[in-house]
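Presented below is the structure to which this report refers.
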Amino acid sequence: MSSADRLKPYRENLEGLTRQGRRRGLAGRQGVDFASNDYLGLAQSPRLVDAVRRALDDGVPVGAAGSRLLRGNTAAQEAFEEKAARHFGAEAALGFGGGYVANFAALTTLPQRGDLLLMDELSHASTHEGARAGRAAVQSFRHGDVQHAADVIAAWRQAGNRGAVWIAVESLYSMDGDIAPLDDLAALADEHGFLLVDEAHATGIYGPDGRGLAHALEGRGNVLTLHTLGKAMGGSGALLCGAGCLVDFMVNRCRPFIFATAPSPLMAAVGSEALDILREEAWRREDLQGHVQAFGEELRRRLPHLQFSGSQIVPLIVGPDVETMELARRIQERGFDVRGIRPPTVPEGTSRLRISLTLNATRADVIRLAETLEELWPVS
Ligand SMILES: C[C@H](N)C(=O)CCCCCC(=O)O
């Protein structure tokens, strides 16, 4: 068989995506940022840049050079985890290379055979993959619907199951920009097991000192929070925060943690500085909320038939894939980096523009984008 023949199924698969309007490619950075998750504008901030320089000067290694269980465990990483645990009100914190792997790691390690992993249907791909690869039975509940979650648990108990229930949600949904009913979910978790809150898009932005939307649940033995360093915190990596015993269990049993080279210790230095920024520069959160307010007002006035999420993630549903990408392209031509999001990232028929408000855009940019949307939005 020639290698052209071996490659044929892959080529055909890609051609199928093209025909469907779902072919992806890697595009460069152009236009004002309405697409990144650098919500607080920290990724290129002088303070984080200096933190890296200082760490290098202080002899922090570029690479961890091993598993955390062997020589890969650095003082920089340990100090950062201790500081993060204090910041996020948890007994302990454990670092990972990214949010995807942290979610996957938690869900494949903590829920046991005989348990139920119950997730919101709009949970991130990493939750879906972790659920699929884990040991627990898996069910999902309708987006944001605590009553449905309770019904699913009741039916599962009715069938004679006695295991723990692990409820997995995002605090702020990455493609919808809405917020989970955390208090009610925590009450359900108190009755039946645990709550895992992925704060990826809320860390740094909500709660006192940017501790997240689950800050009121901090310190509970059955609540775990996942904070990412690659979004509002401007670096890369993630932290799982929770009871010391569960973190210790991860250190002993979590294969994606054990069998991987530890994240770069430089990211620990970055994360540590980012935590200081969250405490010292509250104006960033306030400015971002100003963007959210201003954009919301403009949208309500100019495109009143559209729903506004009320957070820094503003999905504008178009529907069909091709129209969505075409509209994104026309907005990009005006100098705004706005991206279209299609299935399977979002449900069929709900392709959308995902407008991300960040401090990389000025208030004037935010208002100009709203004007441009009014002009280009297809009349229906
Ligand atoms: C980085 C972030 N956590 C994330 O999930 C982004 C998803 C990107 C999907 C891009 C697409 O559908 O074409």
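Start at 1 and go down the list; that is how both ligands and their atoms are numbered.
- With salt bridges taken as basic N to acidic carboxylate O contacts below 4.0 Å, none links Asp115 and Arg135.
- Among protein heavy atoms, atom 10 (C) of ligand 1 sits closest to Thr345 OG1, 4.2 Å.
- Of the protein's heavy atoms, Met175 CE, 4.4 Å lies nearest to atom 8 (C) of ligand 1.
- When only non-hydrogen protein atoms are considered, atom 2 (C) of ligand 1 lies nearest to Lys231 NZ, 3.8 Å.
- The pair Arg29-Asp337 does not count as a salt bridge, with every side-chain nitrogen at least 4.0 angstrom from each carboxylate oxygen.
- Here the heavy atom of the protein found nearest to atom 13 (O) of ligand 1 is Arg24 NE, 2.8 Å.
- Looking at Glu191 and Arg157, no side-chain N of the basic residue comes within less than 4.0 Å of a carboxylate O on the acidic one, giving no salt bridge.
- Within 6.0 Å of CD in Gln307 there are 12 or fewer heavy atoms belonging to other residues, nucleotides or ligands.
- Protein heavy atom closest to atom 4 (C) of ligand 1, with residue, atom name and distance, is His124 NE2, 3.7 Å.
- The pair Asp287-Arg284 does not count as a salt bridge, with every side-chain nitrogen at least 4.0 angstrom from each carboxylate oxygen.
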